[in-house]
Amino acid sequence: MTALASGHKATVLEGNEWAKLIENFTGFKNGLVRLSPGGADMFHSEDESESERPVSESFKKLCPNADPRDGVNLQLAQSLPDPRTLKTHLPFSLFAPSLLEKAKVVYVARNPKDAVLSYLHHHRLFRQLSFLGSLETFVEYFLEDNLLYGPYWLHLKEAWERRPHPNLHFVFYEDLKADIMGELKRLDAFLGTGLSHDQLANVAKYTSFGEMKARNNLLINKDIFKNAEIIDQEVLQKDGGFFRQGKSGDWKTKLTPDLIEKLDDWISEKCDFGISFK
């Protein structure tokens, strides 16, 4: 066990727990490390060797002499000039406590019932994860806090409790889908960018799901999605790629009544800090 500066404890998974996970997540062949923040768990896959890792062209260009084993995304961030826009899936507890004193943060939350379906697709699509189990099994992992970047309820709680801070803008995915112009005006006010109505309309158009899906090959290395060792081609053709549906409320047609009941109970128990979902 290793203690981290963030206060987390890192433990390599072994024994029966590891054996059970590898049956469903066959992509975790290099091992898993559990981070325990306050008794909750997070999983992180160990780094692959440099020869096995697909390194983007942007990394090679921006960090020509860098070693990807030292952190691809971290070094990419360091190479960008201020002011930088960075995206992350990490919870607040894995950042420096002074984060909100030094940067503006936009946090996007999503209904857990849709989030779990989107995350299931992600785990099936990328062979680095390669989840082979059923929807029911994946939901159980979600409810038991045994997925990467989890527990989701704790991730949400850490952000929700920081909402009063002037440098945090908390937004729901469902609100973005329901009223994109209204949400963009709120974001514009938070960032202080002072965009005109026409400029905001252009942002809405350019960031719409259809536009982003059409630009998929520009946003993501298209050769990666052709590589069967990285992307499950059957899942890609059947269910879609990185940009799948971009809908809210899809859980109503995809989840069974039993799974909906389990998730509702989980939300009532875990998300009892004031947040509500549409």
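- Residues Tyr206 and Leu176 do not share a hydrophobic cluster, defined by chaining ILVMFWY side chains whose heavy atoms lie under 4.5 Å apart.
- When ring centroids are compared, Tyr107 and His155 come within the 6.0 Å threshold.
- Nearest heavy atom pair, residue Gly194 against residue Asp188, reads N-OD1, 3.0 Å.
- Under a 4.0 Å N-O distance rule, the pair Arg186/Glu183 qualifies as a salt bridge.
- Of the inter-residue distances, the one linking Asp264 atom CG with Leu259 atom CG reads 11.0 Å to the nearest 0.5 angstrom.
- Here the side chain of Tyr119 pairs a donor or acceptor atom with the backbone of Leu148 at under 3.5 angstrom.
- When side chains are defined from C-beta on, Val12 does not count as touching Trp18, because their heavy atoms never get closer than 4.5 Å.
- A salt bridge between Lys254 and Asp114 is absent, with no side-chain N of the basic residue lying under 4.0 Å from a carboxylate O of the acidic one.
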**Asked** Given Asn202 and Leu195, is the side-chain contact (heavy atoms from CB on, under 4.5 Å) satisfied, shown in steps?
**Response** CA-CA 10 Å; Asn202 191 45; Leu195 299 185; over 6 Å; no
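- Two residues are said to be in side-chain contact when any heavy atoms from C-beta on lie closer than 4.5 Å; Leu143 and Leu263 meet this criterion.
- At distances below 3.5 Å, at least one donor-acceptor pair connects side-chain atoms of Arg163 with backbone N or O atoms of Trp160.
- With hydrogens and angles disregarded, a donor-acceptor distance shorter than 3.5 Å links the side chain of Gln233 to the backbone of Ile231.
- The hydrophobic clustering, which links ILVMFWY residues whose side-chain heavy atoms are closer than 4.5 Å, places Val33 and Leu13 together.
- Taking OH from Tyr152 and SG from Cys271, the interatomic distance works out to 8.5 Å, rounded to the nearest 0.5 Å.
- Looking at Thr26, its side chain does come within 3.5 Å of a backbone N or O of Ser130 through a donor-acceptor pair.
- Within the 4.5 Å cutoff, no side-chain heavy atoms of Trp266 are placed close to those of Val139.
- Not one N or O on the side chain of Asn24 forms a donor-acceptor pair closer than 3.5 Å with the backbone of Leu132.
- Judged by distance alone, the side chain of Asn111 and the main-chain N or O of Phe277 form no donor-acceptor pair under 3.5 Å.
- By the 4.5 Å heavy-atom criterion applied to side chains, Val105 and Phe95 are not counted as neighbours.
- Linking ILVMFWY residues whenever their side-chain heavy atoms come closer than 4.5 Å, directly or via other members, leaves Phe209 and Val171 in distinct clusters.
- A distance of 8.5 Å separates CG in Asp250 from CG in Leu255, rounded to the nearest 0.5 Å.
- When side chains are defined from C-beta on, Asn73 does not count as touching Thr88, because their heavy atoms never get closer than 4.5 Å.
- Using cut-offs of 30° and 60° for the angle between ring planes, the Phe131 and Phe138 rings count as perpendicular.
- In Asn16, the CG atom is not crowded: 12 or fewer heavy atoms of neighbouring residues, nucleotides or ligands sit closer than 6.0 Å.
- Side-chain contact between Gln78 and Leu74: present, with at least one pair of heavy atoms (C-beta onward) separated by less than 4.5 Å.
- Looking at heavy atoms from C-beta onward, Leu200 lies in side-chain contact with Met181 at the 4.5 angstrom threshold.
- In this structure, Tyr141 has its ring center under 6.0 Å from that of Phe25.
- Between Ser208 and Lys205, the closest heavy-atom pair is OG-O, 2.9 Å.
- Between the CD1 atom of Ile275 and the CD1 atom of Ile267 there is a distance of 9.5 Å, given to the nearest 0.5 Å.
- Between the Glu158 side chain and the Pro91 main chain, no donor and acceptor come within less than 3.5 Å of each other.
- Contact between Ala19 and Ile22 at its shortest, heavy atoms only, is O-CG2, 3.2 Å.
- His169 and Phe190 have their aromatic ring centers within a separation under 6.0 angstrom.
- Between the NE2 atom of His165 and the NZ atom of Lys104 there is a distance of 10.0 Å, given to the nearest 0.5 Å.
- With hydrogens and angles ignored, the 3.5 Å screen pairs no side-chain donor or acceptor of Glu174 with any backbone N or O of Lys278.
- Under the 3.5 Å distance criterion, the side-chain polar atoms of Ser118 are left unmatched by any main-chain donor or acceptor of Ala115.
- The nearest pair of heavy atoms linking Met212 to Thr207 is SD-O, 3.3 Å.
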**Message:** Between Glu140 and Asn146, does the side-chain contact (heavy atoms from CB on, under 4.5 Å) criterion hold? Intermediate values first, please.
**Reply:** CA-CA 9 Å; Glu140 286 301 319; Asn146 283 344; over 6 Å; no
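- With hydrophobic clusters built from ILVMFWY side chains whose heavy atoms lie under 4.5 angstrom apart, Val116 shares a cluster with Leu21.
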**Message:** What verdict does the side-chain contact (heavy atoms from CB on, under 4.5 Å) test give for Leu90 and Tyr149, after you've listed the backbone C-alpha separation in whole Å, the side-chain angles of each residue and the deciding distance to 0.1 Å?
**Reply:** CA-CA 6 Å; Leu90 297 178; Tyr149 300 109; 3.7 Å; yes
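- Between the Arg34 side chain and the Lys9 main chain, no donor and acceptor come within less than 3.5 Å of each other.
- Remark: Leu99 CG to Asn167 CG distance equals 9.0 Å, nearest 0.5 Å.
- Both Phe170 and Leu154 are part of a single hydrophobic cluster, where members link through side-chain heavy atoms under 4.5 Å apart.
- Annotation: side chain of Ile180 is in contact with side chain of Leu184 (closest heavy-atom distance under 4.5 Å).
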